[in-house]
Amino acid sequence: MPPTESKSYDPASIEKDVFALWQERKAFEAGPKDGRDRKVPFCMVIPPPNVTGALHLGHALNNTLQDILIRQKRMAGFNTFWLVGTDHAGIATQATVEKTIRKDEGKSRHDLGRKELVKRIWEWKVKFGGRIVEQLRLMGCSCDYSRERFTLDDGCAKAVRETFFKLFRDGLIYRGKRLVNWDTQLQTAVADDEVYHEAVKGHFYHFKYPIVGERGPLARTNSDERAGGTPALPAEPTHVHIATTRPETMLADTAVAVHPDPAAVMEKRAAELREKLKEASDKDRPDVQVAIDDLVERQKTLLPVLVKLRDMAKANQKIMLPLMNREIPLICDEWADPTLGTGCVKITPAHDANDYEVGRRHDLPMINVMTPDGRVSDEGGAYKGMKFTDARKKVVEDMEALGLVEKIEDRMIDLGHSDRSKSPIEPYLSDQWFVRMGDLEPEHAAKIDGLRHKAPGLAQMAIDAVARGDVKFHPARYENTYGDWLGEKRDWCISRQLWWGHRIPVWRTMLTLSEKTWSSVMHTGGKFYRILSGEFGDENSICIHMRRAHDDLVVRDPARDMREYTPEYQGWYSVNLAFKDLPSPELQQVLDDSGFEQDPDVLDTWFSSALWPHSTLGWPGASAPSSGLKSQDSGLLSQFYPTQVLSTAREIITLWVARMVLTGLYNMGDVPFTDVVIHAVIQDGQGRKMSKTAGNGVDPVDIIEEYGADALRFTLADLATETQDIRLPVKPKKLPDGRSINISEKFEKGRNFCNKLWQASTGFVMRNLDGYSPKPLDPGSLRLEDRWILSRMTACQQSLDAALEKYRFSDAAGAVYHFMWDEYCSWYIEMTKSRLNQPEAPARESKTTPPQPSRYQGEGAGDRATAQQVLVYVLDRLLRMLHPFIPFVTEGIWQELNKIAPQRGLTILFDAAKDEPALITAQWSSIETRLRSTEIESEMDRLHGLIKGVRDIRADVNDYRGKAKQPSVRTLAKVVVRADVDTTHLIDRYRAFVTPLAGCDVLEVGPSVAKPAGAMSRVHATMQVYVPVADYVDLGAVKVAEQAKLDELRTVFERETARMSNEDFVKRADPGVVAQAKQRAADLSSRILMIEQHLAELS
RNA sequence: GGGCGUUUAGCUCAGUUGGCUAGAGCGCCUGCUCGACAUGCAGGAAGUCACAGGUUCGAGUCCUGUAACGCCCACCA
């Protein structure tokens, strides 16, 4: 693009070419061959997006931040590697493909079968799975696309098997009956965090269960008690009253519980409430009072009954479960809260998490009345086969028929729903695999190599790593989220009832051991024996786990521990075989013949993502020795593990970050990364989550089309503060093609910024380079403005580096934004214009002052060349600083600049510019502190003060003229500046750019120049600026303006003097602060004096 | 219920160990098509820093409490 025509920057015109250039140069690949010595590694792994997904704004933000980091490090000479890939995302992907198949072919997954479905999903993945990575390219993300990974690829599969095997062998994986959130539609267990709660309309059913025995209604023929009014039966309860929102689960009740000390609980609660009443606000008081009244009533009427029931429970009283006609015990358990409901609670261990715990405490049977598809199971008696929703109606009807329904209340119920299918969750007892997170017996823990730093368990090991500072969070507050969650040490359910994913590498069967079966199973010739004997591998590749059904006797090494038959081995065993490697065909045959079947479940997607940092770098290696489980060096692994930075959203700190730390330590003996950057969540303008369904989301690809990739990136970086949420006002926009998209005006900031840079570079700098030839310069040959911009440039570089160091992206973007716009464009470029426009003419010598020995030379021939040289040099440095944020436009400009001005050093200050054909791998600037000069900056501030003062007066003048409907004044005829000698020299020397920038024809300056009549003034500490304005406005207006100025200053002055007259302030404040205040007060006072004088003269 | 966070200009947000007259971008107002840029230039108005106390010479900043909002976790027979 030749710098001839003047038009706005068009991102689309260069983004594609620039990206191709980067790829051609293989700039993204780890260890780029660019001749630079890149020894120090810098590695990040991308949080793998779901392979089904499309880029959303959260991804855009996160990947912008990562790309900023990696680009900066690449320029700084690190051997950078940004690993990219996608996640197979079990449920999401399977659901997506199942849905298409159902729509297109009307078939379910069961119609297709497991093998076929998995094949179809792979086909789908190959065809559509590349979308999100393509979108990363659109954004300009400099990932190493040549090493793209997938959590279900062979390398990851190998890592998964190895990890599973190790955990299994170490006794950290177990299979147990546990309550899970069951999604009856997808027929899979759903993790707690995949469940959302939603209030739905429901009912609260009060049932009566008859008490068995002499006192109960089953003995007496009649029961006429009603709970309303006075209780007739403190002594003789005949029924237990329970309340439930899920009546159908009563089919699985195995007890009813009452609290062991109801009186105490009620009293304690009452005391709490009375305490609360004392401190309650007026608003809350009535509610608290109601609660107290309720409780008092309960103590009167309900407590005697509960005490009685408690005693009966202690006497092993039985209850008859209606409908099922099953005797169940009345038990004492603290779970039954006497202040809630009826004070008694039905216990359904197989269908409720709390009841499950109660069941375990009291050794109750666990009866599961639900089938995987949400129907009543064989255990449900007459209700067998009914859908749960239908069973509910029928149960209530039947209870009513028996007269056992006390009442039915309407109630809102907060019900768990599956994130995926949106169907209600059923707590369900099912067989699942778990990773043990809690602390182990010390002897057990000591035997596990993977538990580093003498950790007692997996969770604690990961907690300690952060506590030690091996992993740091930014912002630091997220360490709490991490630590709190891990601190619960809840076991991790890793099995999913899906077909898409890493299948659990365990083969299972049941064996009967008896004298009769012994030899055929365990002995020579027995098929199982071939496995036991080590024919297919030793304990480092096969782990055998036997558990006897009736007493949970565990045999870990049957080959060693069960050599000969003894009667004590008799029993039913469940046998689990875990293999580190996929079974060979021969072994597979043996497994088939011996009745082993592979577990049908797949692993939680997070299991493979947890390994992402090391599995993608090559762990466990092509031929990991099966013995030591030491990682085989794959090159990448030793070079890049541990990685440096992980950037992600806070919602997966627990699900993902914590588990990566855990498996990293367990498998590698070291944390997977040293720094975790947690970015904010982008919400819409009302603070709502962006979502497809709500239609309030912004598609980054739309933004790229509308504003350009750089605009997207810059704006996001600019927004990336340390807050937890970012609001982004969203606006719909209709496109010419009729499509409607969401945009946000926020992105205009980024677009405008890129355009500004483009205009300054191609429209100004490059167009003013004729005759450009860099030559050695020393600081003394530079003019004030040259030294000033170099000083400011250095300041910018300092702020930028410091901000990036601390992952403060918004500060980093802001620093470069203001340097480029306010200092380089608004001041420096403007200041060079007079030099560039008058190539041969030396700067005029002052007429009012004799020539001084100048501190700033170069005001003559060659000045133009110097201006060009500095202009180009600063642009060069600016492009380097901006490149991580807005890579496309900066690279585009760099390429043009290379053609026009390939050499761009300040030769004496720096080595001759190296040949840097691409900005992406150009060198990051080091900070040259000797270029920084606060003295220069403050001198320039004085000149800026003068220029702003004159502009200010002109704006005032035009304001008054506008009101009088007179044309505005562009250039003032004359400006008079009275200043001290030093300032006079300064201004005089630089009048060449002061006059045009201020906008005046004549500039008079001197320590004692005559003050013009009828002038507006601006006063500073070292100068007074007077602009005669009688020709433009009437003096009344001037007086008004001056008076306003005066009033403003007086207010501030009063505040300042009040402070100064405060003895305590003078005595106690930091001396520097006091001195500052003194100076300020003196300043103000002299300015006030000058304005007062000026006003007096005007009158 | 537990934890974390937010509350500063009309909007979106900065404001680091307490100390310049509390800032930026957008929007608004005034004026500018003068040779990079109207996606621009010059200037301006606009704030009881949520509220109430406290500590301090001094509080947007620290402490206590209150209110509203948001997020995460747990739980709700």
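Side-chain atoms are counted along with the backbone in the values below, which use heavy atoms only and exclude waters and symmetry mates. Chain identifiers are assigned alphabetically (A, B, ...) following the order of the sequence lines, protein sequences preceding nucleic acid strands; residue numbering begins at 1 within each chain.
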Regarding [X], tell me which of base, sugar-phosphate or nothing describes its non-hydrogen contacts under 4.0 Å with the strands shown.
X          : value
Arg751(A)  : base
Ser810(A)  : nothing
Ile653(A)  : nothing
Lys1067(A) : nothing
Thr723(A)  : sugar-phosphate
Glu1054(A) : nothing
Arg1087(A) : base
Asp956(A)  : nothing

Side chains of [X] and [Y]: does their closest heavy-atom pair fall under 4.5 Å?
X         : Y         : result
Met690(A) : Leu728(A) : yes
Leu897(A) : Leu879(A) : yes
Thr245(A) : Tyr205(A) : no
Val816(A) : Phe714(A) : no
Thr715(A) : Phe753(A) : no

Output the rounded distance in Å from [atom1] ([X]) to [atom2] ([N]).
X          : N      : atom1 : atom2 : value
Phe473(A)  : C4(B)  : CZ    : P     : 16 Å
Tyr482(A)  : C71(B) : OH    : P     : 25 Å
Glu651(A)  : G70(B) : CD    : C1'   : 14 Å
Arg490(A)  : G2(B)  : CZ    : C1'   : 14 Å
Ile682(A)  : C13(B) : CD1   : P     : 11 Å
Tyr824(A)  : A36(B) : OH    : P     : 13 Å
Glu1048(A) : U21(B) : CD    : C1'   : 8 Å
Glu830(A)  : C32(B) : CD    : P     : 19 Å

Side-chain (Gln966(A)) to main-chain (Tyr960(A)) donor-acceptor, under 3.5 angstrom: no
With respect to the phosphate group of [N], does any side-chain polar atom (N or O) of [X] fall under 4.0 Å of OP1 or OP2?
X         : N      : value
Asn752(A) : C37(B) : no
Lys948(A) : G43(B) : yes
Thr481(A) : C4(B)  : no
Trp821(A) : C41(B) : yes
Lys689(A) : G70(B) : no
Arg767(A) : A36(B) : no

Please verify the inter-ring angle class for His206(A) with Phe204(A); under 30° counts as parallel, over 60° as perpendicular, anything in between as tilted. perpendicular
Check whether Tyr817(A) forms a cation-pi arrangement with Lys749(A) (NZ or CZ under 6.0 Å from the six-membered ring centre, at most 45° off the ring normal). yes
Qualifying residues under side-chain contact (heavy atoms from CB on, under 4.5 Å), relative to Ala658(A), sequence neighbours excluded: Tyr482(A), Trp485(A), Leu486(A)
Kindly say whether, by distance alone, the side chain of [X] makes a donor-acceptor pair under 3.5 Å with the base of [N]?
X          : N      : value
Arg1080(A) : C20(B) : no
Lys749(A)  : C26(B) : no
Gln724(A)  : G70(B) : yes

Mind checking the [atom1] distance from [N] to [M]? Whole angstroms is fine.
N      : M      : atom1 : result
C51(B) : U61(B) : P     : 11 Å
G58(B) : U17(B) : C1'   : 16 Å
G5(B)  : G65(B) : P     : 15 Å

What stems show up for RNA chain B when you take Watson-Crick pairs (N1-N3 plus N6-O4 or O6-N4) and G-U wobbles (N1-O2, O6-N3), both under 3.5 Å, and require three or more consecutive pairs? B:1-7 with B:67-73, B:10-13 with B:23-26, B:28-32 with B:40-44, B:50-54 with B:62-66
If you find the nucleotide of RNA chain B closest to Ala336(A) and the one closest to Asp1070(A), which residue's nucleotide is nearer the 5' end? Asp1070(A)
Nearest-nucleotide check on RNA chain B, Gln683(A) vs Ser826(A); residue mapping nearer the 5' end is Ser826(A)
Given [options], identify the nucleotide with an atom nearest to the side chain of [X].
X         : options                : result
Arg808(A) : C71(B), G15(B), G43(B) : G15(B)
Arg650(A) : C76(B), U21(B), C71(B) : C71(B)
Asn480(A) : U30(B), C4(B), G43(B)  : C4(B)

Any donor-acceptor N or O pair under 3.5 Å, side chains His474(A), Glu722(A): no
